[in-house]
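Heads up, the thing below is written out as structure tokens.
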Amino acid sequence: MAVANKRLSDEEFGRQREEVLSMWHTGAQVDFDEAVEFNKTLPPAKNYARQLALAKETGAMLTRSDTGVPSVDEQTEYLKVLQEEGQCDLFGVIIDSLTRTHQYQAAEAAIEKSHRTGEWFLNGFPVVHYGVATTRKLTGAVGRPLQIRGVAPDWRLILEMGLASGFSASSGAGFISFSQFSKRVPLETTIRNYQYNYALMGRYEEAGVPMLPEISGGVGVLTPNSLLHAATVVDALVAAEQGVKNMSLMVHTQGNFVQDAAAMMALPQVCEEYLHQLGYDDVTLSVVATSWSGKFPEDPYEALAAICLGVVASVVGRVQVVHVKTMQEAVTIPGKEANAASLRAGKIVVNMVKDQSLELDHDAMDTEKRMQVAETKAIVDKVLEMGEGDIILGAVKATEVGVLDQVFATNQHVAGKVIGVRDLKGAVRYLDHGSLPFGTEILEFHREKISERESNRGGVVDYDTVVQDLFAISTGTLVQH
Amino acid sequence: MAVANKRLSDEEFGRQREEVLSMWHTGAQVDFDEAVEFNKTLPPAKNYARQLALAKETGAMLTRSDTGVPSVDEQTEYLKVLQEEGQCDLFGVIIDSLTRTHQYQAAEAAIEKSHRTGEWFLNGFPVVHYGVATTRKLTGAVGRPLQIRGVAPDWRLILEMGLASGFSASSGAGFISFSQFSKRVPLETTIRNYQYNYALMGRYEEAGVPMLPEISGGVGVLTPNSLLHAATVVDALVAAEQGVKNMSLMVHTQGNFVQDAAAMMALPQVCEEYLHQLGYDDVTLSVVATSWSGKFPEDPYEALAAICLGVVASVVGRVQVVHVKTMQEAVTIPGKEANAASLRAGKIVVNMVKDQSLELDHDAMDTEKRMQVAETKAIVDKVLEMGEGDIILGAVKATEVGVLDQVFATNQHVAGKVIGVRDLKGAVRYLDHGSLPFGTEILEFHREKISERESNRGGVVDYDTVVQDLFAISTGTLVQH
Amino acid sequence: MSGSEAPKGTLVTGLIGEDVHIAGIRILEHALRKAGFDVVALGAQVSQDEFVSAAVESRADAILVSSLSGHADALLPGLREKCDEAGLQGIRLYLGGQLMIGDSRWEDVEAKFKEAGVDAVYPPDVQVAQVVADLEADFAG
Amino acid sequence: MSGSEAPKGTLVTGLIGEDVHIAGIRILEHALRKAGFDVVALGAQVSQDEFVSAAVESRADAILVSSLSGHADALLPGLREKCDEAGLQGIRLYLGGQLMIGDSRWEDVEAKFKEAGVDAVYPPDVQVAQVVADLEADFAG
Ligand code: B12
Ligand code: B12
């Protein structure tokens, strides 16, 4: 059955729901009406969407830190430390990747082993395992909004469990979970699953509890922005159709201030346009910028410096949320103290840069924004055209022929023809644009930028340069000449 | 006897020299000719001026870290750790403030007590106490240039000792040591002492060993840049007359990127103009930017973030040297590991920002530069006028009437009428310009900027605001609204 | 396999378990191919069985297992035994990535996986060139 | 000294020894004057003798010593005795700034200076308003 961008009927939703909640025994604990009532008892200060809408209004920039550990007591302790010592505004709780891939038994064994040995054998918080009552205790331990984090082709049970337990936002999206977090699952399947996720959020929304998806179009590993923007727009349109009214769009900082800040401005602009064009006029968009997402320097102080630079770009880009990784990112799942310390550093950068309303060279910013918008539109327009107006039908076809594509994808169905590389200033450009429907202006722009680096080094920029670029920052520089 | 800006005769220099070298018994160890020969045995990689000239040519940005501890073994260990673990390019060795104020006996007692107890009772390295042979072992322990650091009304013996011992640069200048590091000493006296210092460097230069003064016009505690620039130009002209051929001009970062970066560009430009105007055409100028120089946040990670932001501004300002303080600045004389860690963070920021040739909003930068240049010229022109072309005679008169002034000065002879305050974006403006010879354009510019902050807060900006501003950053923000 | 045109050896590569950190192994594959190896790239999320059957099918000389998610401890043990069962006695097993959660000492991590039958274990800061050089040395002649 | 217009007390302020860190004490002086104290500000680089004679001349109620360079340990002891010798028995001594080099525990630092005769010792993160409030309390009535 072809998936189209149509609101799930109550019957279809109800049918899936039964299936979802029976995937693991704790699913039975979720009762939608009770969950809505529970969520209504929470103060607005704990609702993610409300806080982001407020931030957008007041110009505030909130910090978010993501953590995930297998023990619920320890996870609670983490959140408390982040709130108190890290002045953290928003909490992300990462779900372990065994749970995400439905390996509930293996996850349970790893939890048991973690408890027994006191060491950790699981890379996140297994929300499904703990269930509603226990997880509500966790979310009740802090006074600010929480997001349930992770990306997986089938995130439905995790989301049910999370939203019923006091989380009011969730990461993940259909295209990224297809292209970056699965291997053989077809796009139709992940999109169908995400229709469910968005529909669930939409139903909470209708019941008076705004729930927010944080939509990412891929990962920020040497990936040109428009590739990510286009996939983000696709998911935003899917979410809107299912009744989601508040969305956060993610930009992955990749090291060049102008490019990163421009991305934070271009993405909501172009997304807004498409929402409007397709008749979704009551959606509130916010932007979240992540920390550096490539390989980190091992040294924690170098890592912290790189994180701070990402925050600078994010404040220049006037986002609502700044995601702050930790100084131990290269090394391990971070300790809570290191996490809180990194957050404090991030916060003072937010304050210092925000206070001075820093602006970068306007010409450079304008060009960068203009190009990102043009590239994104070239892709999304083509997708809509291929779907005869239906973004999902279009996306499926576009993916087959590489009109939607990803760099370093994990899924075999992704064309994987696009290759990104840094230009002389460290901005990520298309070394190979694969089958993206770009006109000559766009292609020449990228070619030109890459050739600047070539002239500078007196040598060709090729896949070996891409390999060098993958180690950017971790080796101490952004661009190796 | 009025001091004029005239090259010290060999007789006068020789006379003073005898006096200087007999201030403490180790002075007798200094033999100029032998010291020149010794310096000539050192590789160019260890000569400060040569390395800075090279950096200017190639666009390199070097990092410098300042340390000063009472034990020579420990100081050696510090330098080695900074070189190896901190990738430090230039070393500053801070002389303790007892030695700087000629309290040699007290310093000796503190050294003895430090050695005996293993704790430190002295805030720097007492170079005079250790003498030439021992200090040469210290400077010989590292392979990069060293600067002897500190400011004092009478720095002559310290400088003699330092340059004879393998240091090839020195901090300090006549006006700052008068206004900020002494209480009753008149400007004539400090300038006369600095004429000697510059003359000593000039004589090394003539003998084939370039020696570099790093000239600062004051301290960066809530001080408008032009006030510092003007005093810097005064000392540069004094140094040039004594035969100094390489100078580094210091800019104190104070938190607003545009203002800080503009200062790094405006200062060498205006200084170059005056050197040229007065016939000193063969002087090579470089610029050094310091870390934040106000009160630091106590938290080491916040402090590190603030330091990193200063480095961003410094790289945008295209300086040759970035001075990197440490994450323990608020707390204590830093440990070597914390120092090396801060340097690594500073270095990665240099690399990441330099790689992308970051430029800020051109209009804002142009305005800021233009105003700083205009203000500085207004002051220096007036000083020259008052001295009938002689910068020293002028400076003495100008200081009396507050045409040269300082904020938070320590010397009773400083008018101290000028008050600085932050504007809405955190740039430091003249709240009170005292007796500075400013025209209406300048005054209106500052008034305008301050009134923006007033409108924003809906209240007056006055001395209470100055008090708030003194805690900027240490309380987590740059501007308190 | 000594002629200059013949492949230096056949290698099966992939990320074990649920792992999706694909960038590192992708560039290793590129470098190894360039150096003259035949590479059978299984990509992300490869099970032990998939590794083994791909190695059997391709008559591989070695299996290169990458693992970054921190679950190598749970996912790797047993692979050597499966190889033996499938008749791949003595096939060289290489392992690299960010193997364990928490800051265990590298020596302990290395020992743990060697005990599980891995021939060579690599930390995340290994250079691509180093991996290639080691493999060339191991398959010289 | 209880009328609303009369000064709340006379204070001598200054930085001891070779110290030039003047910003902190300057703003304290401002705040104290605003709160109704008479302040005799000696500024930077004040010797013990200068503190004492200024206090004698101005019939001060207290001396506020600031020290940031880290040498308070060497420069402060003896001040109480000099005060006593000059007939300033019982004059209140306040000390603040960044007193010691190295990261000694605050309790030890405080105890050390109290033993040397200081009545109240303040860490660098003290709020201006706190200092004013304490002095007002000490001189109430
Ligand atoms: C980018 C990244 C991601 C991207 C991956 C995108 C992609 N398409 O590849 C995304 C966002 C998808 C991701 C997801 C997750 N990640 Co992640 N990720 C990273 C990050 C930042 C960089 C990894 C990278 O790309 N390195 C660049 C490549 C070139 O280097 P490399 O992979 O290390 O490979 C080199 C060597 O290791 C070696 N090598 C690797 N494999 C092999 C194999 C052999 C045989 C040999 C000889 C050598 C070898 O050779 C390579 C060249 O030198 C690291 C942290 C870091 N290192 O900075 C975390 C990190 C690996 N991730 C982590 C985690 C926990 C996750 C998540 C579970 C949760 C989360 N944070 O969202 C999910 C996992 C999902 C899953 N199912 O696996 C943890 C792992 C914890 C641990 N091991 O202790 C890390 C360390 C971050 C952290 N500190 O928490 N991640
Ligand atoms: C600015 C500064 C300078 C400026 C001072 C400019 C000026 N005109 O004031 C300059 C550049 C001149 C300078 C010089 C030196 N400095 Co300095 N300086 C600083 C810095 C960065 C901030 C100090 C400041 O202005 N604070 C702002 C004011 C508002 O706060 P405050 O002074 O702490 O005052 C508050 C409280 O302490 C309290 N308080 C203060 N005094 C008193 C007294 C009483 C009675 C009471 C109740 C309360 C009280 O109330 C105030 C309001 O809250 C500090 C580090 C830091 N804290 O971040 C180092 C620091 C104080 N300096 C230090 C040193 C070593 C020096 C030098 C010896 C060497 C050098 N680094 O160059 C020279 C000393 C020269 C000399 N002879 O004294 C060290 C001291 C080490 C120690 N104590 O362990 C510090 C801690 C830096 C470091 N980590 O190495 N410095």
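Quick note on labels: first sequence line is chain A, next is B, and so on, each numbered from 1.
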Taking all non-hydrogen atoms of both residues into account, name the closest pair between Val479(B) and Asp355(A) and its distance.
-> N-OD2, 2.9 Å

Examine whether an atom of Leu424(A) lies under 4.5 Å from a heavy atom of chain B, and if so say whether it belongs to the side chain, the backbone or both; otherwise answer neither.
-> backbone

Closest heavy-atom pair and its distance - Asn351(B), Gly476(A) | ND2-O, 2.8 Å

Please round to the nearest 0.5 Å and tell me the distance separating atom CD1 of Ile348(B) and atom SG of Cys308(A).
-> 11.5 Å

What are the residues of residues 82-92 of chain B, in order of number, with any heavy atom under 4.5 angstrom from a heavy atom of chain A?
-> Gln87(B)

How far does CG of Asp361(B) sit from CG of Leu360(A), to the nearest 0.5 angstrom?
-> 8.5 Å

Atom group of Ala341(A) that falls short of 4.5 Å from chain B, counting heavy atoms = both

Got more than 12 heavy atoms from elsewhere within 6.0 Å of NZ, Lys80(B)?
-> no

Closest contact, heavy atoms only, Gln356(A) versus Phe257(B) | OE1-N, 2.7 Å

Does any heavy atom of chain A fall under 4.5 Å from the side chain of Met365(B), the backbone, both, or neither of them?
-> neither

Measuring from Met352(B):CE to Glu302(A):CD, what's the distance to the nearest 0.5 Å?
-> 11.0 Å

Bottom line for Pro297(B): the part with an atom under 4.5 Å from chain A's heavy atoms is side chain

Which residue out of Asp299(A), Val316(A), Val349(A) racks up the most heavy-atom pairs below 4.5 Å with chain B?
-> Asp299(A)

